[in-house]
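Ligands are counted one by one from 1 in listed order, and the atoms in each one are counted from 1 as well. FYI, side chains are in, hydrogens and waters are out, and symmetry mates aren't considered; it's all heavy atoms of this structure.
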Amino acid sequence: MKLWDKGSHPDAKVDRFTVGNDRELDLALAKYDVIASKAHAAMLGKIGLLTSSETDALTIELDLIGSDIAKGNFTIEDEFEDMHSKIEYLLTQRLGDTGKKIHTARSRNDQVLVAIQLFLKDELGQIRDMSVELFEQLIALAEKYKGVQMPGYTHLQVAMPSSFGLWFSAYAESLVDDMYMLNAALKVVDQNPLGSAAGYGSSFPVDREFTSDRLGFYTQKYNVIAAQMGRGKVEKITSFGLATLAGTLSRFSMDICLYMSQNFNFLSFPEEYTTGSSIMPHKKNPDVFELIRAKCNKIQAVPNQLTLLVNNLPSGYHRDLQLTKEVILPALQDMKACLDMISSALPSINVNEHILDDPKYKFIYSVESVNELVQQGVPFRDAYKQVGEEIRKGTFEPKRALNHTHQGSIGDLCLDKIRLKMKAALQQ
Ligand code: ARG
């Protein structure tokens, strides 16, 4: 059954090609189509296009459909083009003419938009919550291990003293940046597009303020063409937020993979978070973190995919936009799976508290020696040369006492300040 059935029947091949995997993807969005349809029905009642008993009947049936969706009992068979068609069919089957009235003053174009925006709001909210959980874990680990030193690297060459406190809280503070990006995405997504209909509004006196309030949107996308142009854009800005966060997680995972290598041996995870080899009995591989790295790298390609998908489309609806779903939905799934996995694994991380016993790391203290001479009045360049000479002659003896006291250094991690920054970001 096509909502736009004109009597002729399109080729099955055309149907398969144009619908693609959209029915399957719509199952994740159907819940939101129901929520928006309820607001739309109430609005139609308010402006007198439905009687109150018609609105009530539609609301009751939509609630029933909503609970079927929640129970996993909602299906979109091949005879229906999408979730919108199936839901309208169910309403019509159960309510007759009242069901046929639900589509007054709307189009699938604003219907799919509003469903996607409600969905993205929920997803971004979940991702924000999960990021905050990870943030708290990282801050707690930083606090716990602030006294445990490790080598810092530049060019992958042993460089200067660092600490697990500094390393863990570096990723915590990076998550604050990512929160700013997620907030920006949320702000753009949080504008009601419903009422834009096919993208040019309606001759019915649609009350868009009413549906905005009902649906909990912060504001509406007033201009109906701008609302329709949100399709693709809301997904894209969400993907920018995801990509930024993914960048943080993939680097963190890369560090973990590197530090788990025997050549580094800075940290380890219990066996349940590692995987074995089919041939080498000794292996404890970091597959978990390799896959977080890979998934997060894939997520960083999503803004590009969406950009290319919608790039040169003129204003107005185009079927191209349907394909944004198959790009953004899996990216959101992957992101949640990665956050969940990191947060599950992190509490059982073991850090090596004796890394610096290995003599190869003694040169991380070279700058400490230079700075000590500077404190005694030796000009920096001369002090640098003097310590360099000791290193060349093999007489350098590290002084392991550290005097890093400035904000953001090993000696003052500013964890409270970073916490406050995150708190402020969350209130935005
Ligand atoms: N499945 C379609 C999409 O996601 C729904 C909107 C269809 N609108 C239309 N005018 N054909 O874009």
*Which residue from Ile116, Leu321, Asp82 reaches closest to atom 5 (C) of ligand 1 through any of its heavy atoms?*
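Closest candidate by heavy-atom distance is Asp82.
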*Out of Arg23, Gln322, Glu326, who gets a non-hydrogen atom closest to atom 2 (C) of ligand 1?*
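Going through Arg23, Gln322, Glu326 one by one, Gln322 has the nearest heavy atom to atom 2 (C) of ligand 1.
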*Would you say Arg319 and ligand 1 have an N/O pair spaced under 3.5 Å apart?*
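For ligand 1, there is no N or O atom that lies under 3.5 Å from one belonging to Arg319.
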*Mind checking whether Lys325 has a heavy atom under 4.0 Å from ligand 1?*
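It does; at least one heavy atom falls under 4.0 Å.
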*Would you call Glu81 a ligand 1 contact, heavy-atom distance under 4.0 Å?*
no
Which residue holds the protein heavy atom closest to [atom], what is that atom called, and what is the gap in Å?
atom: atom 4 (O) of ligand 1; value: Arg231 NH2, 2.9 Å
atom: atom 8 (N) of ligand 1; value: Asn109 OD1, 3.0 Å
atom: atom 7 (C) of ligand 1; value: Tyr317 OH, 3.5 Å

_Quick check on side chain to side chain contact (heavy atoms under 4.5 Å, CB included): which of Leu215, Val114, Leu62 does Ile35 satisfy it with?_
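Single pass found, and it is Leu215.
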With a 4.0 Å cut-off on N to O distance, would you call [X] and [Y] a salt bridge?
X: Arg16; Y: Asp78; answer: no
X: Arg23; Y: Asp26; answer: no
X: Glu81; Y: Lys86; answer: no

_Tell me whether the NZ or CZ atom of Lys121 lies within the 45° cone about the ring axis of Phe217 and under 6.0 Å from its centre._
yes
*Run the side-chain contact (heavy atoms from CB on, under 4.5 Å) check on Leu27 and Met83 step by step: do they pass?*
CA-CA 7 Å; Leu27 291 179; Met83 59 175 171; over 6 Å; no
*Heavy-atom contacts with Asp22 under 4.0 Å: which atoms of ligand 1 show up? List them by number with element.*
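Matching atoms, with element in brackets: 1 (N).
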*What are the two closest non-hydrogen atoms of Ala197 and Asn109, and how far apart are they?*
O-CB, 3.7 Å
